[in-house]
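Lettering follows sequence order; numbering is per chain, from 1. Excluded from the calculations below are hydrogen atoms, water molecules and symmetry mates; all remaining heavy atoms, backbone and side chain alike, are included.
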Amino acid sequence: MNDDIHALSGAYAVDALDDVERARFERHLASCPTCQTEVAGLREAAAELSSLSVQAPPSALRQRVLHDITTVRPLPPQLPGSSTPTMAPDAPSGTSRVRRPGGPPSGDASSSPRRWRLLVAAAAAAVLTIGGLAVWRSTSPAPPAESVASQVLEAPDASRLVKTLPGGARATIVRSPSLGKAVIVASGMPAPPAGRVYQLWLQEPSGRMAPAGFMPAAARTGEEQVALLNGNAATATGAGVTVEPVGGSAQPTSAPVMLFTFS
Amino acid sequence: MDSMGRFSVFSSGEGQPEENAGEPPGQPDLGRLLRRSAAGDEGAFGELYDAASARVHGLVRRVVRDPAQSEEVTQETFLEIWRQSARFDPRRGSALSWMLTIAHRKAVDRVRSAEAASRRDEAWHTTTSDVPHDTTAETVALRLDAERVRRALDTLTDTQRGALELAYLSGYTHTEVASMLDLPLGTAKTRIRDGLIRLRDTLGVTS
């Protein structure tokens with residue numbers, strides 16, 4: 001994991017990194033002007049390749065697109081200092097998914113109640129087979145540190161657990177026993193219902209679930225959401241994600257949408 | 001959105017819908033159309049769609065392959081381009097590259113999602129690489145572009161070209177590419193980068 005991170009620029013420019021590598025590289029990219037320039041140039045070069053596969057879309061698509069844009073306004077410009085600069089166009093966000101008129105929902109309308117219910121239903125089914133989560137406990141989490149998250153993603157002993165959910169959402173837990181920390185990298189997660197957040201939990205050896213922080217609000221600067229889990233990930237036996245009221249809960253109050261068992 | 005507000009932006013004489021004086025015919029200034037789109041100009045976005053949709057959809061089709069899913073991805077891409085139009089920064093690259101970056105990411109996400117996994121095995125036989133031989137200035141320009149890119153690709157080593165095509169045009173990760181090309185783990189990303197650098201320098205593209 002400690003290979004030269006600059007060497008990932010090409011694979012990043014053509015979307016050939018997996019979620020965790022992309023998260024690592026984007027952390028690096030934010031502070032590396034050399035890589036920013038290189039990625040921009042390599043993206044221009046890659047874009048040239050599309051001249052080999054020109055194909056007009058069906059003519060009916062034009063009308064659908066022009067109808068779509070009447071339903072949402074363009075985002076305001078990013079003003080200086082308002083946010084971290086982004087190399088990439090902002091990632092697809094939950095509000096931009098579209099449906100085909102006259103057809104079924106496209107299946108990944110991230111903010112749609114339908115997809116949301118699907119996710120919760122699947123999670124509820126999953127929890128039946130796992131169990132052992134009966135005792136929950138409150139702990140006050142320490143604030144997450146960006147640099148610690150980066151260290152975990154780079155750690156030579158880091159191991160990964162991946163979960164894929166209906167609708168295409170994915171989450172990976174990267175855990176470093178030597179650092180005693182774990183990071184969750186999620187992509188394509190539907191936005192939680194209004195007034196709710198994704199809360200993170202670490203399962204202690206006793207089986208109790210301790211609050212471990214929150215998923216950041218729907219990412220605007222990249223599709224991945226990255227969060228450091230507060231607590232000792234070296235002794236933890238698992239991790240989970242639940243939906244809780246804004247502000248969080250002292251113990252889970254809903255079925256987990258994801259559960260990870262550490263080996 | 002009321003039309004008065006939308007069009008008042010253009011009544012100052014600063015931005016008439018005509019193309020840039022320096023642009024060849026049939027090549028509207030995409031960056032300018034994006035800027036007008038960001039101000040809510042739906043007509044400008046229609047022009048942008050007409051100018052770029054064949055490039056966007058062609059790339060999406062190449063990666064996603066399934067026609068119905070490709071249409072959905074192209075539709076999502078253009079809605080995203082509309083939403084993000086104010087975030088386009090011409091100092092960081094061309095408008096076309098910016099739009100294709102959005103399209104490519106969405107296409108790759110689509111093929112990597114579990115639902116699409118079973119659909120990509122179908123061979124890529126309905127080739128999209130040949131632009132129809134008509135004589136509009138736009139089409140001729142596209143054919144010249146394609147020729148130029150083919151020649152540039154010829155300067156890459158077989159491994160660089162293979163790795164780049166599997167990654168960019170088929171949406172595989174560099175780890176998958178390494179396995180498919182029997183490369184030592186970790187070297188496909190280097191081949192992809194070397195190939196892109198070669199392509200960039202040969203084509204003389206600048207960001």
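- Within the 4.5 angstrom heavy-atom criterion, only side-chain atoms of A/L66, from C-beta onward, approach chain B.
- Electrostatic pairing of B/D66 and B/R110 does not count as a salt bridge here, judged by no charged N lying under 4.0 Å from a carboxylate O.
- Note on ring orientation: taking the six-membered ring where Trp is involved, the planes of B/H104 and B/Y168 are parallel (angle under 30°, cut-offs 30° and 60°).
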Point to revise | B/E71 and A/R64: CA distance, side-chain angles, deciding distance, salt bridge (Lys or Arg N to Asp or Glu O under 4.0 Å) verdict | key: CA-CA 10 Å; B/E71 263 186 66; A/R64 298 215 299 268; 3.0 Å; yes

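- The contact between B/A38 and chain A is made entirely by backbone atoms, counting heavy-atom distances below 4.5 Å.
- Residue contact with chain A, scored on non-hydrogen atoms closer than 4.5 Å, is absent for B/L166.
- At a 4.5 Å heavy-atom cutoff, the contact between B/S85 and chain A is made by side-chain atoms alone.
- Residue contact with chain B, scored on non-hydrogen atoms closer than 4.5 Å, is absent for A/T71.
- The residues B/R200 and A/E44 are annotated as not salt-bridged, no charged nitrogen and carboxylate oxygen being separated by less than 4.0 angstrom.
- Contacts with chain A were tallied for B/I197, B/T173, B/L196; B/L196 has the most, counting heavy-atom pairs under 4.5 Å.
- Proximity to chain A is limited to the side chain of B/L203, based on heavy atoms less than 4.5 angstrom apart.
- No part of B/R198 comes within reach of chain A, as not one of its non-hydrogen atoms sits under 4.5 angstrom from that chain.
- Of the two parts of B/L153, only the side chain, counted from C-beta on, holds a non-hydrogen atom closer than 4.5 Å to a non-hydrogen atom of chain A.
- Look at B/R148 and A/E48 and you find a salt bridge, because one of the NZ, NE, NH1 or NH2 atoms lies within 4.0 Å of a carboxylate O, short of that distance.
- Side-chain contact between A/R43 and A/V39: present, with at least one pair of heavy atoms (C-beta onward) separated by less than 4.5 Å.
- Comparing B/L59, B/L169, B/V149 by how many heavy-atom pairs each has under 4.5 Å with chain A, the most go to B/V149.
- Ion pairing between A/E21 and A/R24 fails under the 4.0 Å rule for side-chain N and carboxylate O.
- Counting heavy-atom pairs closer than 4.5 Å to chain B, the top residue among A/S9, A/S50, A/A13 is A/S50.
- The existence of a salt bridge linking B/D194 and B/K189 is excluded, since no basic side-chain nitrogen approaches an acidic carboxylate oxygen closer than 4.0 Å.
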